[in-house]
Asks: 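Submitted below is the structure of interest, expressed as structure tokens.
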Amino acid sequence: MSQILQVENLSVQFHTYTGTIQAVRDISFGIRENKVTAIVGESGCGKSVTSKAVMGLIQKPGVISKESKIFFKGEDILGYTEKQWEDYRGQKCSIVFQDALTALNPTMDIGRQITEKIRVHRRVNRQEAWQEGIRMLEQVGIPGAAMRMRQYPHEFSGGMRQRVMIAIALTLHPQLLIADEPTTALDVTIQADILDMMKEIQREQGMTIILITHDLGIVANFAQDIIVMYAGKVVEKGSAEDIFYHPAHPYTEALLRAVPRLDISGGQLETIEGAPPNMADPPAGCPFADRCKKKRPVCGTGFPGEAEIAEGHQVCCWLYMDDGGGSGDGR
Amino acid sequence: MVDNTDCLLEVQGLKKYFKVGKKKMLRAVDDVSFYIRKGETLGVVGESGCGKTTCGRTCLGIYDKTGGQVTYRGEDVHGMDKERRRRFTEQAQIIFQDPYASLDPKMKIQEIVAEGIRAHKMAEDEADIKKRVEGLLSTVGLDPAYGSRYVHEFSGGQRQRIGIARALAVEPEFIVCDEPISALDVSIQAQIVNLLKRLQKEKELTYMFIAHDLSMVKHISDRVMVMYLGKVMEITTADQLYDHPAHPYTQALLSAIPIPDPRVEAGKVRIRMEGEIPSPVDPPEGCRFQNRCPYAEKKCREETPVLEKIGEGHFAACHRCG
């Protein structure tokens, strides 16, 4: 399976008054084409910053380090000119943000917000663009699309607004769609509807999706591949099967045990004590070490390298390093 | 509906309407009846706008009621005189959803926690207050030395612990937890839920746990009440609700929750609801759920079903379940 996106040694820093926040620290991963890959992690782990870097949306005070490389279908996008970025965004890669109310322009009707992009990128007249806009709204399941085109964002419910966001992201038929917490602000029933809709479009159009989320339930429902991030680092990568049934990193394991399940009763929830480290001054060693139940002296010495414990399943943990003295009870 | 004497809070036909615009009424809570036994946790779930928060606040007398009655230990919450009301606020407390908005940024932690102790004159002198505050902070898992700091120095999880310490300061027996974990990260949620469970055991607390995360509600609750558009749809024990949901709305709601297990997810069948939740200003006639219910028939559109007993400790408001 070919990879549509390769991220190599990506680092993103934000220079602020309180110090330099190292939001993403030297991460590498690939995204398989026509698959759904979930990037999972808690607030501040760098998942949204990663997606913004892929979209070329890192702005001052954010800086992408010189060693960082992002290849989209073999092309190094970090070397793009502003003109090339404009062609890339929307047509090759598009993003859906979490909060549709702030992402949409409250002073423009939905029709104009959808057709704006079509008119800029394609040689079509206003009517054709308008028809295309209606078609897009219909595709994302908005009833009465022709009438809805004339309405403003405040006239839509949260779920409908998120559908509009998705319609806008899809208008130019991007090959890669990044969905950054697309359903976090929504009720579960609306969330389920939107996920079903996205799944259907993904299957029909053979699109690649990167899903950014903290909800493991959504991941289980939607993703084939999973990337687990913690404190600006990728700590584990693998298929959904690998991550859910054979989690290797202690953080992944703990995270899976910290969520209650609807289909299983009782028991005490396992907690991960403490809190993630301060990203202005991240620890030299494994960032999870202070909260880890399997901590050893070696964990504080440096960030562990990547160990491949099964095909396509990689983990960054000293337990799996030869010089870590760990037996590595992977599989 | 209740015949047990160990009942702490009893709610009968409670209504809370808000005026919106001209002559329009938003029926946030509309004829709701339930009870909470001493020492148990009643989970209240439902989607945004179902009235769960309004219900919790009206039970505490924070909001005036429009109709019905809330009795706490046999006493009408909304008919108390000043002195009795003061004593009631000693017994019943609330933990708010947003730990960023519900703590005063200009106050030190020790002042926030001590406010209730001072208001209720529970301490003898300053030294006693200090001792109590330190004790409360360590009870909720914070370093007692944090008392001299300000709110902005703390993370979301720590702030929620401060909110819990503040609620515990007056030694209440009943706490309304209004979405206490929904603003927190997964790993922190488990910490707070385990803390709440521990405190309940140690201090014999009674909780009304309001949330939209049904997995967490199932985990913490003894009984669960499902609300939709200001009405109670179903009340039963947590296990019964999840294993044998009776109301079509409960069934649809449960089937929408993603389970963190790909194999389970792959085999799951979802019950779809038509459209979106209607406005509580203009709810549908008859059963509130009829226009989205896959089983709705003529009777559902004409007659509002009442909450009826359908099994041992199991109540549902549905014509089909009767």
Side-chain angles (χ1 to χ4, degrees), chain A residues 40-45 143 156-160 183 185-193 195-196 213-224 226 230 239-241 243-245 251 254-276 278 291, chain B residues 45-50 141 154-158 182-195 197-198 212-220 238-239 241-243 249 252-266 268 270-279 292:
Chain A
V40 199
E42 298 176 79
S43 329
C45 73
F156 287 73
S157 66
M160 284 297 157
T183 57
L186 306 174
D187 275 319
V188 277
T189 54
I190 311 291
Q191 163 176 291
D193 286 341
L195 290 177
D196 282 356
T213 184
H214 65 271
D215 187 329
L216 292 165
I218 297 176
V219 175
N221 172 289
F222 205 3
Q224 284 102 37
I226 299 173
Y230 185 82
S239 67
E241 284 276 314
I243 302 292
F244 277 99
Y245 303 116
Y251 174 65
L255 202 59
L256 284 167
R257 281 199 226 118
V259 286
R261 284 181 56 164
L262 208 52
D263 55 339
I264 295 170
S265 290
Q268 177 92 341
L269 287 182
E270 213 164 294
T271 56
I272 309 175
E273 291 307 325
N278 176 5
R291 304 174 79 187
Chain B
V45 295
E47 296 174 272
S48 349
C50 73
F154 295 93
S155 67
Q158 287 173 318
S182 51
L184 306 176
D185 263 322
V186 180
S187 73
I188 311 295
Q189 284 187 355
Q191 291 178 7
I192 298 296
V193 163
N194 284 349
L195 171 67
K197 279 190 137 180
R198 198 194 81 212
H212 62 259
D213 180 344
L214 280 93
S215 319
M216 206 49 109
V217 168
K218 183 196 180 194
H219 183 77
I220 196 167
D239 286 337
L241 186 85
Y242 291 94
D243 295 342
Y249 176 65
L253 192 62
L254 288 174
S255 79
I257 295 159
I259 290 167
D261 186 328
R263 287 177 203 157
V264 174
E265 271 299 304
K268 204 171 78 176
R270 192 159 84 77
I271 303 166
R272 281 165 188 276
M273 285 185 281
E274 288 294 316
E276 293 192 347
I277 187 165
S279 160
R292 302 177 72 195

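In the text below, chain A, chain B and the rest are named by the order of the sequence lines, each starting its count at 1. The analysis underlying the following values was restricted to heavy atoms, covering all of them including side chains, and did not include hydrogens, waters or symmetry mates.
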Asks: Using a cut-off of under 4.5 Å on heavy-atom pairs, state which of B/Asp213, B/Ile257, B/Val217, B/Asp261 scores highest against chain A.
Replies: B/Asp261
Asks: Could you tell me which portion of A/Phe222 (side chain, backbone, both or neither) has an atom closer than 4.5 angstrom to a non-hydrogen atom of chain B?
Replies: neither
Asks: Please flag which part of A/Glu270 lies under 4.5 Å from any non-hydrogen atom of chain B: side chain, backbone, both or neither.
Replies: backbone
Asks: Is A/Asp193 paired with B/Arg270 through a side-chain N to carboxylate O contact shorter than 4.0 Å?
Replies: yes
Asks: Side chain to side chain contact (heavy atoms under 4.5 Å, CB included) between B/His212 and A/Val188: does it pass, once the steps are laid out?
Replies: CA-CA 8 Å; B/His212 62 259; A/Val188 277; 5.9 Å; no
Asks: A/Leu262 and B/Tyr242: which non-hydrogen atoms are nearest, and at how many Å?
Replies: CD1-CE2, 3.0 Å
Asks: Can you see which heavy atom on A/Ala220 is nearest to which on B/Ile259, and at what distance?
Replies: CB-O, 3.4 Å
Asks: Any chance you could measure A/Ile190, atom CD1, to B/Met273, atom CE, to the nearest 0.5 Å?
Replies: 7.0 Å
Asks: With a 4.5 angstrom heavy-atom cut-off, could you sort out which part of B/Ser48 is near chain A: side chain, backbone, both or neither?
Replies: both
Asks: Find the one option among A/Pro143, A/Ser157, A/Ala240 whose heavy-atom pairs under 4.5 Å with chain B are most numerous.
Replies: A/Ser157
Asks: Between A/Gly274 and B/Gln191, which heavy-atom pair has the shortest distance, and what is it?
Replies: O-NE2, 3.2 Å
Asks: Quick one: what part of B/Lys268 sits under 4.5 Å from any heavy atom of chain A, side chain, backbone, both or neither?
Replies: neither
Asks: Please report the shortest heavy-atom distance between B/His219 and A/Pro260, naming the atom on each side.
Replies: CB-CB, 4.0 Å
Asks: By a 4.5 Å heavy-atom criterion (distance strictly below it), what part of A/Arg291 contacts chain B: side chain, backbone, both, or neither?
Replies: side chain
Asks: Out of A/Asn221, A/Leu256, A/Leu186, A/Asp215, return the one with the most heavy atom pairs under 4.5 angstrom to chain B.
Replies: A/Asn221
Asks: CZ of B/Arg292 to OG1 of A/Thr189: how many Å apart, nearest 0.5 Å?
Replies: 5.5 Å
Asks: Look up atom SG in B/Cys50 and atom CG in A/Asp187, then write down how far apart they are to the nearest 0.5 Å.
Replies: 8.5 Å
Asks: Tell me, side chain or backbone of B/Arg272 under 4.5 Å from chain A's heavy atoms, or both, or neither?
Replies: side chain
Asks: So, taking the atom named CD1 in A/Ile272 and the one named CD1 in B/Ile188, what distance separates them when rounded to the nearest 0.5 Å?
Replies: 8.0 Å
Asks: Can you tell me which of A/Gln191, A/Arg257, A/Met160 forms the most heavy-atom pairs within a distance under 4.5 Å of chain B?
Replies: A/Met160
Asks: Out of curiosity, B/Lys218 NZ to A/Asp263 CG, how far, rounded to the nearest 0.5 Å?
Replies: 7.0 Å
Asks: Which heavy atom of B/Ser187 sits nearest to which heavy atom of A/Glu42, and what is that distance?
Replies: OG-OE1, 2.6 Å
Asks: Answer with side chain, backbone, both or neither: which region of B/Leu254 has an atom nearer than 4.5 Å to a non-hydrogen atom of chain A?
Replies: both
Asks: Answer yes or no: is there a donor N or O on one side and an acceptor on the other, between the side chain of B/Asn194 and the main chain of A/Leu269, under 3.5 Å?
Replies: yes
